[in-house]
There are 2 protein chains.
Amino acid sequence: MAVTIHEVARRAGVSVSTVSRALAVPDLVRASTRDRVLAVAEELGYHPNRAARSLITGRTGNIGVVVPDVANPFFSAVLKGAHARAREAQQVVFLADAAEDPRVEAELVAAMGKQVDGIVLCSARMGDEELERSAGTTPLVLVNRCSPGRPSVLLDAADGMRQAVEHLAALGHRRVAHLRGPERSWSAGERLRGLRAAAPACGVEVVELGPFPPTFEAGLPAADLVLASGATAVLAYNDLMALGVMNRLAVRGVVMPAEMSVVGFDGTQVSAMTTPALTTVAAPTETAGRAAVELLLDLLAHPGRHSDVVRTLPSQLVVRATTVPPLPHAVRAGVPAPLEALS
Amino acid sequence: MAVTIHEVARRAGVSVSTVSRALAVPDLVRASTRDRVLAVAEELGYHPNRAARSLITGRTGNIGVVVPDVANPFFSAVLKGAHARAREAQQVVFLADAAEDPRVEAELVAAMGKQVDGIVLCSARMGDEELERSAGTTPLVLVNRCSPGRPSVLLDAADGMRQAVEHLAALGHRRVAHLRGPERSWSAGERLRGLRAAAPACGVEVVELGPFPPTFEAGLPAADLVLASGATAVLAYNDLMALGVMNRLAVRGVVMPAEMSVVGFDGTQVSAMTTPALTTVAAPTETAGRAAVELLLDLLAHPGRHSDVVRTLPSQLVVRATTVPPLPHAVRAGVPAPLEALS
DNA sequence: ACACCCGCTGCAAACCTTTGCAATGTGTGC
DNA sequence: GCACACATTGCAAAGGTTTGCAGCGGGTGT
């Protein structure tokens, strides 16, 4: 069916070894021979059979990417970056969607292990031991999560939180609600940590709500909690939840941003598309995907060398239209502003 | 290193053939033997080496999915569906992002061919001949595009357009703008065709604008064109563009939906998240992804059998908050309503 | 009681490539 | 002129699985 190395060898009048070497280690074969072999290979459109190659070398040329949800714009951005970098290195990317389920996640990582050279695992929800177990000996790079002894690419969520809180404090907000992300999520913990660390210094009181799943739908009921909390601004776990909050606020007749400032997180594309445009903490998601693959390739080339590198990418607050100073009486009262008070 | 079939065979006290059969064709081995083998395999965590298997069977167990842009929510939804179905069939999905470039697209399809059993190609931008050439002998299923002799999964865009126009007509709109999608896009053509076919019957006059790239950014300037066109409603090529339009309308101070009704297309998640929520023609995108993989698996199981099946999935208009009757004077005048007229 | 068939299992080839080792031939240093 | 080094090439094994064919029993039909 397909053209094999034997066919090329036969036509070029050399042995298969020579053909193999002409393609893989050109220096080992005489220039004239190499040229002839290459010409024949080109003419026949020969490409080495990857299965046969990986059977003997043990390398597949594939790298796996596991995300909790491809439809989440944050992850599709990471995926895009990872794919781009992998392609530059002639590697193929295998995608796996864990459907936000730690069990599926572990299963996928374990199953993938045999078919790829390494895995980029995004926002792992599973625990450290489980990670250890399912990854086994497969090289693994974590994104948005860290685990002892494993290389990872982190987005500086804590600092992003600091920027967001300082921004709100500067606007005059004194009571701010935070919508926590998934309990098992490392980055949710980071964001919370950053918030707790920065808020006191700014004189901001934080009302922690949640944890919630990181979805638009979760943002809807969360908005009501926020309103009931007496906060004048809300820091959502991510953009999706922020959108949910905005939506529900509109339904409740709350004027945004005047009566409630909203800050998202991740800087996804959609955050720029809403009206009013969402203030958000942008992270270089696509870059993170690239960096993760970069790290992985490095790890494959020099096993053990960079086994505990942690690369942290900076977050950047993007101020748009959803954050404004709070209404004066809301700040003084520290309680929900009754709707009547506004008319 | 990894546990092989030989190890399992040795421990179970049978030959490798028996192990292989116990896993692949259980009926061929005696129940008691099978159970013993399966138990040992389970205990050792044996999984067949895919490289070795594909070397002999000629099948890789991988299916490729090529999309113009993973970050586009429409495609990430298709991808999600495809991945889910593939996983059920124990197949791995191998992703490729063509970056909206027909050349990259062709290149990816060609390169992928050797490493997968078949390819799902979404919204192919390349021409029929180019498609033929790059696909070669690789089984291919098209999504949102049709090409003679190739199976495809289509979303009934034309009918979706009909529903949208009839909806607008029923609301009283008589002059409607349409923002055309990418020129080479099959579905853009379909939508236009459906619109042209349905509009006259509803007494609706159509102003065709574009073509535009299918992005949020393209929607911004398009909004100005719409305002200048004297239309009272706009049918955007997709949700992303509709969001762009909404954004720009807000900036221009146009009250939405009162002064301008907006209809999106695709029914992406974000369409439900805007305020006001976007009326859109929802397509079963995830189902389309599933169906495409389904078709592909069928094609692989029975080569040539379904080589020209076209499966069309229905579109469904989802009426939300962005479509209302036009302002009376705007309809009569058939020209842009000056802002003063509204106050 | 004999021939035959069928259920179950094992043997061994084949899939295509890479790579260690050996063989061949050419050139260099003494 | 001889030994040795080195460049170039070929041989053959190995990698793990699937599968056609054959073998070995036990059971059935006559």
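Quick note: numbers below take in every heavy atom, side chains included, and nothing from hydrogens, waters or symmetry partners. We name chains A, B, ... by the order of the sequence lines, and we start the count at 1 in each one. Bear in mind the structure is a predicted one, so any value in this text is a computation, not a measurement.
- Atom CG of B/Leu28 is separated from atom P of C/dG10 by 13 Å (rounded to the nearest Å).
- With C/dC15, D/dT9, C/dC8 as the choices, the nucleotide that has an atom nearest any side-chain atom of A/Val29 turns out to be D/dT9.
- Of the residues in residues 11-19 of chain A, those placing a heavy atom less than 4.0 Å from an atom of DNA chain C are A/Ser17, in numerical order.
- Atom CZ of A/Arg10 is separated from atom C1' of C/dC16 by 16 Å (rounded to the nearest Å).
- Residue-environment remark: CD (A/Gln115) exceeds the threshold of 12 foreign heavy atoms within 6.0 Å.
- The separation between B/Gln115 atom CD and C/dC16 atom C1' is 16 Å, rounded to whole Å.
- Between B/Leu55 and A/Ser20, the residue anchored nearer the 5' end of DNA chain C, judged by the nucleotide with its closest heavy atom, is B/Leu55.
- Picking from C/dT18, D/dT17, C/dC15 the nucleotide with the shortest atom distance to the side chain of B/Ile5 gives D/dT17.
- Distance CZ/A/Arg133 to CD/A/Glu130: 5.5 Å, rounded to 0.5 Å.
- A/Arg21 has no side-chain polar atom (N or O) that falls below the 4.0 Å cut-off from OP1 or OP2 of D/dT9.
- Not one side-chain nitrogen or oxygen of A/Thr57 sits closer than 4.0 Å to the OP1 or OP2 atom of C/dT17.
- Side chain of A/Asp128 to backbone of A/Pro148: no donor-acceptor contact under 3.5 angstrom is found.
- Look at CZ on A/Arg59: it is 23 Å from P on D/dA14, rounded to the nearest Å.
- Here D/dG15 presents its C1' atom at 16 Å from CD of B/Glu7, a figure rounded to the nearest Å.
- Checking side-chain atoms of A/Asn72 against main-chain N and O of A/Phe74 turns up a donor-acceptor pair under 3.5 Å.
- Taking only side-chain nitrogens and oxygens, A/Tyr46 never comes nearer than 4.0 Å to OP1 or OP2 of C/dC16.
- When each of C/dT17, D/dT17, D/dT9 is scored by its nearest atom to the side-chain atoms of A/Arg30, the top-ranked nucleotide is D/dT9.
- Distance CZ (B/Arg53) to C1' (C/dC16): 18 Å, rounded to an integer number of Å.
- Between A/Leu121 and A/Glu105, some side-chain heavy-atom pair lies under the 4.5 Å cut-off.
- Between A/His83 and A/Leu95, the closest side-chain pair of non-hydrogen atoms is not below 4.5 Å.
- B/Ser54 comes within 4.0 angstrom of nothing in the nucleic acid, heavy atoms only.
- We find that CG of A/Leu23 is positioned 10 Å from P of C/dT17, with the value rounded to whole Å.
- Residues B/Ala52 and B/Arg34 each lie close to DNA chain C; by heavy-atom proximity, the contact nearer the 5' end of the strand is made by B/Arg34.
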ask   = Run the salt bridge (charged side-chain N to carboxylate O under 4.0 Å, His left out) check on A/Glu132 and A/Arg150 step by step: do they pass?
value = CA-CA 10 Å; A/Glu132 206 64 40; A/Arg150 297 220 178 259; 3.4 Å; yes

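- As rounded to whole Å, 15 Å separates atom C1' of D/dT17 from atom CD1 of A/Ile56.
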